[in-house]
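All remarks here apply to the structure that follows.
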Amino acid sequence: MISYQRFVLGNGLKVLVQEDETTPMAVVNILYDVGARDEDPDKTGFAHLFEHLMFGGSVHIPQFDTPLQLVGGESNAFTNNDITNYYITLPAVNIETAFWLESDRMLSLAFTEKSLETQRQVVSEEFKQRYLNQPYGDVWLRLRPLAYQVHPYQWATIGKTLSHIEEAEMEDVKAFFKQHYSPDKAIMTVSGNVKTAEIKKLVEKWFGDIPAGMKYQRNLPVEPEQQEMRRAVVHADVPLSSIYMAFHMSNRLSPEYYVADLISDILSRGHSSRLYRRLLKDREMFSEINAYVLGSIDHGLFVIEGKPLPNIAIENAEKAIWEELIVLQEEPVKDDELEKVKNKIESTMAFAEMSILDKAMNLAYFELLGNADLLNEEISRYREVSATAILCESKKIFRKENSSTLIYLANKHDQ
């Protein structure tokens, strides 16, 4: 059970404080309610570009990391299709430095051509290295638009195409910042050796004067139900041929999300899981195979990916995966197998409760979903999932007409 205090500033900034006297450290986490799904389809990759720009210095602090390192702190961030999250870890006695740094870049990020050009180059290089120039790197650039035809989940966080970043104009960047990076679009969580009353004073001191931003009404197109099986085959210089199967599933707040997440664990969490045991060990068809859910806020994807061994025909490998999915639809999962995956999830969540960073990030995320209290209900939601629910959800998700399959065929080179 994670306890916390919550207050909201006049400008709309929500603040959650989680006191933990067992550590000398503290985390200041700021989640901005903006991700790749909020981008213009013709100007993608901006949320991720901003993750970099926010470290490029603000008006009063040209080097974000320098003052932080001087007080023994470190910072990082991540962006996905739904959110952008920044966090600072530092000794609790020096926590005011974190408020100073975060408030200055929220209020007065330095928009210089030099900073924009530098970060544009960094992101462009990342696009080339991670997505274009390594085996399977472009999987999400291909799989997302195959699975999503309408919803902005159809592009990866890095963006649809390299040109969108290379051609990002200063006025577009400023407009994106003005729309999304203001106190009313942010949730701050502070976890560690702190006192709520003291944090309240510091937050009001550093963030109270920052004006609320423009109203933003998220009005995203709804992805229509998929009616036919989709396939794409790519011939590529990859070490092994590979299969990626994506199925549409429920959104993050739906009870079905927990069912689907448990199904992914039944299929591929650990060496006793079904896909690992049956297709990798017993039948020796794959060198690796995994199943997972993306956990998107809007309707997400259930993904199965595997690399068949070179002597296994791709059709046979795909058929073997479908056979396992049919078993899930026809035979109720046994109590002991279901109990085992529930126990694993519970232990993972218990470990997360020991980390002040995990607590800070999770509280912010669930507050964004609607109520940070939901975090304390997570284990019971998994515990409530029945074998019958798994049977029903498997029938709903694993239909041919709900599948988008991407096949990489390894190019054969003469020895």
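Both backbone and side-chain heavy atoms feed into the values below; hydrogens, waters and symmetry mates do not.
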Just wondering, are more than 12 heavy atoms of other shown residues or ligands nearer than 6.0 Å to CD in Glu323?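 Above 12, so yes.
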
Can a donor-acceptor pair be found between the side chains of [X] and [Y] at a distance below 3.5 Å?
X: Ser182; Y: Lys185; value: yes
X: Ser296; Y: Asp298; value: no
X: Glu51; Y: Thr79; value: yes
X: Asn80; Y: Thr157; value: no
X: Glu117; Y: Gln121; value: yes
X: Ser3; Y: Gln18; value: no
X: Glu102; Y: Trp206; value: no

Hey, does [Y] have a side-chain heavy atom less than 4.5 Å from the side chain of [X]?
X: Pro239; Y: Pro135; result: yes
X: Phe78; Y: Thr84; result: no
X: Leu267; Y: Asn290; result: no
X: Val293; Y: Tyr258; result: no
X: Val385; Y: Ile390; result: yes
X: Met229; Y: Glu401; result: no
X: Ile304; Y: Leu275; result: yes
X: Asn376; Y: Ile2; result: yes

Is the centre of the [X] ring less than 6.0 Å from the centre of the [Y] ring?
X: Phe302; Y: Phe398; result: yes
X: Phe247; Y: Trp322; result: yes
X: Tyr216; Y: His180; result: yes

Pairs of donor and acceptor atoms involving the side chains of residues 361-373, under 3.5 Å and at least two apart or interchain, shall be tabulated with distances.
| unit_1 | atom_1 | unit_2 | atom_2 | d |
| --- | --- | --- | --- | --- |
| Asn362 | ND2 | Asp358 | O | 3.1 |
| Glu367 | OE1 | Ala372 | N | 3.2 |
| Glu367 | OE2 | Arg6 | NE | 2.7 |
| Glu367 | OE2 | Arg6 | NH2 | 2.7 |
| Asn371 | OD1 | Asp373 | N | 2.9 |
| Asp373 | OD1 | Tyr4 | OH | 2.5 |

In sequence, state the C-alpha distance, the side-chain angles, and the governing distance for His48 and Val123, and then conclude on side chain to side chain contact (heavy atoms under 4.5 Å, CB included). CA-CA 8 Å; His48 177 249; Val123 175; 3.7 Å; yes

Regarding [X] and [Y], does a basic nitrogen lie under 4.0 Å from an acidic carboxylate oxygen?
X: Glu378; Y: Arg383; value: no
X: Glu337; Y: Lys340; value: no
X: Asp82; Y: Arg37; value: yes

Test your reading of the model: is there a side-chain donor-acceptor pair from [X] to the backbone of [Y], 3.5 Å cut-off?
X: His271; Y: Tyr276; value: no
X: Gln134; Y: Tyr131; value: no
X: His164; Y: Gly159; value: no
X: Thr44; Y: Pro41; value: no

Listed partners of Arg381 passing side-chain hydrogen bond (donor to acceptor under 3.5 Å, both in side chains), at least two apart: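 For Arg381 there are no side-chain hydrogen bond (donor to acceptor under 3.5 Å, both in side chains) partners, ignoring immediate neighbours.
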
Taking side-chain hydrogen bond (donor to acceptor under 3.5 Å, both in side chains) as the test, write out the residues that go with Thr118, two or more places apart.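 Thr118 satisfies side-chain hydrogen bond (donor to acceptor under 3.5 Å, both in side chains) with no other residue.
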
Pairs flagged by side-chain hydrogen bond (donor to acceptor under 3.5 Å, both in side chains) wherever residues 61-70 is involved - sequence neighbours left out: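 Sorted result for residues 61-70: Asp65-Ser75.
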
Please round to the nearest 0.5 Å and tell me the distance separating atom [atom1] of [X] and atom [atom2] of [Y].
X: Met354; Y: Thr22; atom1: CE; atom2: OG1; answer: 9.0 Å
X: Thr405; Y: Ile243; atom1: OG1; atom2: CD1; answer: 8.5 Å
X: Ser403; Y: Arg231; atom1: OG; atom2: CZ; answer: 8.0 Å
X: Leu49; Y: Glu126; atom1: CG; atom2: CD; answer: 10.5 Å
X: Asn29; Y: Thr189; atom1: CG; atom2: OG1; answer: 4.0 Å
X: Leu162; Y: Leu132; atom1: CG; atom2: CG; answer: 6.5 Å

Holding to salt bridge (charged side-chain N to carboxylate O under 4.0 Å, His left out), I want the full list of residues that pass it with [X], two or more places apart in sequence or in another chain.
X: Glu324; answer: Arg278
X: Asp104; answer: none
X: Lys14; answer: none
X: Glu21; answer: Lys195

Can you list everything that forms a ring-ring contact (aromatic ring centres under 6.0 Å, His included) with Phe7? Sequence neighbours excluded, please.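 Partners of Phe7 by the ring-ring contact (aromatic ring centres under 6.0 Å, His included) criterion come out as none, since no residue qualifies.
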
Could you work out, with ring-ring contact (aromatic ring centres under 6.0 Å, His included) as the rule, every residue matching Tyr244, not counting sequence neighbours?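 Checked Tyr244 against ring-ring contact (aromatic ring centres under 6.0 Å, His included); matches are Tyr408.
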
Nearest heavy atoms of [X] and [Y], plus distance in Å:
X: Pro221; Y: His151; value: O-CD2, 3.4 Å
X: Lys344; Y: Gly270; value: NZ-CA, 4.3 Å
X: Asp265; Y: Ser273; value: O-CB, 4.0 Å
X: Ala260; Y: Ile397; value: CB-CD1, 4.0 Å

Does the structure place the NZ or CZ of Arg105 under 6.0 Å from the centre of the six-membered ring of Tyr86, at an angle of no more than 45° from the ring's axis?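 Yes; both conditions hold, so Arg105 lies above the ring face of Tyr86.
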
Show which side-chain atoms of residues 165-177 pair as donor or acceptor with protein atoms under 3.5 Å away, not counting sequence neighbours.
| unit_1 | atom_1 | unit_2 | atom_2 | d |
| --- | --- | --- | --- | --- |
| Asp172 | OD1 | Lys43 | NZ | 3.2 |

Please walk me through it: do Tyr153 and His299 pass ring-ring contact (aromatic ring centres under 6.0 Å, His included)? CA-CA 9 Å; Tyr153 283 163; His299 283 75; 9.6 Å; no

Check against side-chain hydrogen bond (donor to acceptor under 3.5 Å, both in side chains), Tyr292 and Asp261: CA-CA 7 Å; Tyr292 51 89; Asp261 197 22; over 6 Å; no

Strictly by salt bridge (Lys or Arg N to Asp or Glu O under 4.0 Å), give each pair with a member in residues 196-222 just once, sequence neighbours left out.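 Residue pairs with at least one partner in residues 196-222: Asp33-Arg218, Asp38-Arg218, Glu96-Lys205.
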
